[in-house]
Protein chains: 2
Amino acid sequence: MDELVEQTKALASDVRLSILGWLKEPGRHFPDQLSGDPEEVGVCVSLIAKKLGVSQPTTSRHLELLRRAGFVKVRRIAGWAFYARDEAELKAYQRRLHDTV
Amino acid sequence: MDELVEQTKALASDVRLSILGWLKEPGRHFPDQLSGDPEEVGVCVSLIAKKLGVSQPTTSRHLELLRRAGFVKVRRIAGWAFYARDEAELKAYQRRLHDTV
DNA sequence: CATATAATTAGCTAATTTGCTATATCGCGT
DNA sequence: ACGCGATATAGCAAATTAGCTAATTATATG
């Protein structure tokens with residue numbers, strides 16, 4: 001149950017819901033990523049920060065929260081950190097939420 | 001989206017998840033309610049407070065939060081306030097969450 | 001090796017949340 | 001009208017969260 005609360009907290013934020021929404025179609029929402037195909041590797045922090053309109057460190061913390069909750073995974077290449085959804089975990093969460101509440 | 005965040009915040013609490021869980025089987029979890037059948041009218045605040053182990057005012061606030069989120073409805077009879085799940089709204093929320101995240 | 005770029009971590013402030021106690025309010029019975 | 005029981009509201013303190021800037025780490029490049 002504790003884990004479920006932590007995951008729910010991770011979703012209880014407009015900023016983080018936006019991020020997860022955008023990452024459903026990374027190519028559409030981040031077409032100007034030069035360092036790699038968003039659909040393939042994920043989206044880097046700076047682009048998400050820019051789209052959110054908040055600072056890059058703040059964005060980094062939101063992403064870390066989502067990662068600890070299991071909803072996104074990171075792939076580090078060179079200096080970049082590319083974030084992508086973890087669809088399996090998102091599904092698992094919704095199933096567990098459905099069973100609990 | 002804003003409404004979705006508010007509802008998610010309402011769920012992001014161990015106390016409130018416990019309440020919603022108990023209210024799935026009110027008769028089982030609150031068998032000693034004298035003032036009315038839990039399955040019929042809902043569960044009164046004091047019994048929930050006692051089971052939670054927090055004060056009555058604190059419980060009242062959690063319930064008000066859940067009510068504003070739409071997840072429970074109140075039925076006031078005499079001096080009591082009986083709380084019960086709003087299954088339709090809970091379903092609707094999960095559907096909307098599924099569509100968004 | 002120095003610089004530049006990307007991200008994270010630290011450290012701070014302001015706002016929100018959660019608990020409590022004390023104080024209303026509301027309906028019923030005497 | 002008065003008092004009693006059940007809730008709700010007010011007001012306060014502690015903890016958590018979200019934002020920022022500044023500093024650190026890591027990697028590539030001149």
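So you know, we letter chains A, B, ... as the sequences are listed, proteins then strands, and number each from 1.
- Atom CD1 of B/Ile48 and atom P of C/dG19 are 14 Å apart (whole Å).
- Using modelled atom types, no side-chain atom of B/Arg76 and backbone atom of B/Ala81 make a donor-acceptor pair closer than 3.5 Å.
- Judged as a ring-ring contact (aromatic ring centres under 6.0 Å, His included), not a single pair has a partner in residues 30-53 of chain A (not counting sequence neighbours).
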Nucleotides 2-17 of chain C: protein proximity per nucleotide (B base, S sugar-phosphate only, - neither; heavy atom, under 4.0 Å): ----SBBB-------S
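- Connection of A/Leu97 to B/Phe71 is established within a shared hydrophobic cluster, with ILVMFWY side chains joined at heavy-atom distances below 4.5 Å, either directly or through further cluster members.
- With B/Glu25 contributing its side chain and B/Arg28 its backbone, the two residues share no donor-acceptor pair below 3.5 Å.
- Residue B/Arg96 comes nearest to B/Glu3 through the heavy atom pair NH2-CG, 3.3 Å, listed as atom of the first residue, atom of the second, then distance.
- Separating the CZ atom of B/Arg75 from the C1' atom of D/dA6 is a distance of 17 Å, rounded to the nearest angstrom.
- Taking for each of B/Ile77 and B/Ser55 the nucleotide of DNA chain C with the nearest heavy atom, the 5'-most of the two is the partner of B/Ser55.
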